[in-house]
Amino acid sequence: MKVIDHINNAVGTLISFEILPPLKGKGINGIWEHLDPLVEFKPAFINVTYHRSESMFKRKPDGTFDKVEVRKRPGTVGICTAIMNRYKIDAVAHLICGGFSRQETEDALIDLNFVGIDNVLVLRGDAPKNESFFEPDPGGHRYAIELLQQVVNMNNGIYLEEDLKNAVKSNFCIGVAGYPEKHFEAPNMQTDLQFLKAKVDGGADYITTQMFFDNKKYFSFVQSCREVGINVPIIPGIKPITTRKQLTVIPRTFHVDIPENLSTEILKCKTDADVELVGQEWLLEQSRELKKAGVPVLHYYTLGKPHVIANVVKELI
Ligand SMILES: Cc1cc2nc3c(=O)[nH]c(=O)nc-3n(C[C@H](O)[C@H](O)[C@H](O)COP(=O)(O)OP(=O)(O)OC[C@H]3O[C@@H](n4cnc5c(N)ncnc54)[C@H](O)[C@@H]3O)c2cc1C
């Protein structure tokens, strides 16, 4: 079932989770250990992220180096399929522009269609770790909106080979990313919102937000979206802080602020176990307030500490 149908049919706020594929070489059991305790809360859907390959340098016997491309976390389509088989819960496959040609994207969409996954979250992806700016692959998309257009085309039976006759129409529900604190490359919030609106006008069914730790940022983002005519559901993405190190890693990686009340409490903690309790309580309060405000879905980024998410969701339902 499509995410948008889950939202339209819901009587209250839904729950969803997001996971990362395991590192290459690890089996799927780690995913089950992670998800088994969480699926008890009956999430409406589970997102699986996509990760581009990274360039690595391998030393050769003669002392020189070879540059090799390594995809550390492959398997998004397979994990989505396995989730649907094991739990009968809808999976949302993330798709990114970075590291993909249009042809490879089309192949992935065809696979998703064959296995019955009708939900995708289309994203641009970031620049590789050792590069400053995002550059599309040859034959790839530069912005998420171009990837979105490819999915919309396939939903209309238009494939890359334009002379394909009577091609099957896919039926993907399409989500896009939104940034309550602005995407870090956007010159200002209004410009970012106009590009977000273009994605929605181009066919996105809903928006999932970047993480935020201050609900006011989300509420004001939703209001700004409505003011510029973005009327689709906006799903808040949230996660707990569980280590002191995250006080600097999260702002640097995700370009979001940590409210002073929260950072002050974390700085008082003697151990990460204490930080985890503070982070859990903060996430619970955030979740309660968002639920009370009637958000369509509480989308939890579950990386690392699923038991913290489980403790929060247990209190909510
Ligand atoms: C919910 C969520 C899930 C994510 N999942 C993943 C994942 O699985 N894998 C992964 O690698 N990354 C993921 N990301 C990170 C995401 O890929 C990065 O934040 C990326 O930098 C931007 O992606 P986007 O889809 O928002 O890009 P876009 O919508 O393309 O926007 C990128 C930037 O370009 C600007 N822009 C947009 N369109 C135009 C245009 N036509 N002309 C000029 N400027 C434009 C925007 O304002 C923005 O600054 C996720 C992010 C979120 C919020």
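Each ligand, and each atom within it, is numbered from 1 in the order the structure gives. Scope of the values below: all heavy atoms of this structure, side chains included, with no hydrogens, waters or symmetry mates. Keep in mind that this is a model prediction, so the values were computed, not measured.
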Just list the side-chain donor-acceptor pairs under 3.5 Å for residues 202-214, sequence neighbours left out, or say none.
| unit_1 | atom_1 | unit_2 | atom_2 | d |
| --- | --- | --- | --- | --- |
| D205 | OD2 | I174 | N | 2.7 |
| T209 | OG1 | G237 | N | 2.9 |
| D214 | OD1 | K216 | N | 3.0 |

Side-chain heavy-atom pair S170, L109 within 4.5 angstrom cut-off: no

Is the H6 ring parallel, tilted or perpendicular to the F45 ring (thresholds 30°, 60°)? tilted

Do R52 and F100 meet the cation-pi criteria used here (NZ or CZ under 6.0 Å from the six-membered ring centre, within 45° of the axis)? no

Audit row: E185, R124, salt bridge (Lys or Arg N to Asp or Glu O under 4.0 Å) steps and yes/no: CA-CA 12 Å; E185 291 169 24; R124 188 196 67 178; 2.9 Å; yes

Ionic contact status for D137 with R142, cut-off 4.0 Å: no

For a quick check: using heavy atoms under 4.0 Å, what are the residues in contact with ligand 1, sorted by chain and number? T49, Y50, H94, I96, L121, L123, R124, G125, D126, Y143, A144, A177, Y179, H183, E185, A186, D192, F195, K199, T208, T209, Q210, Y301

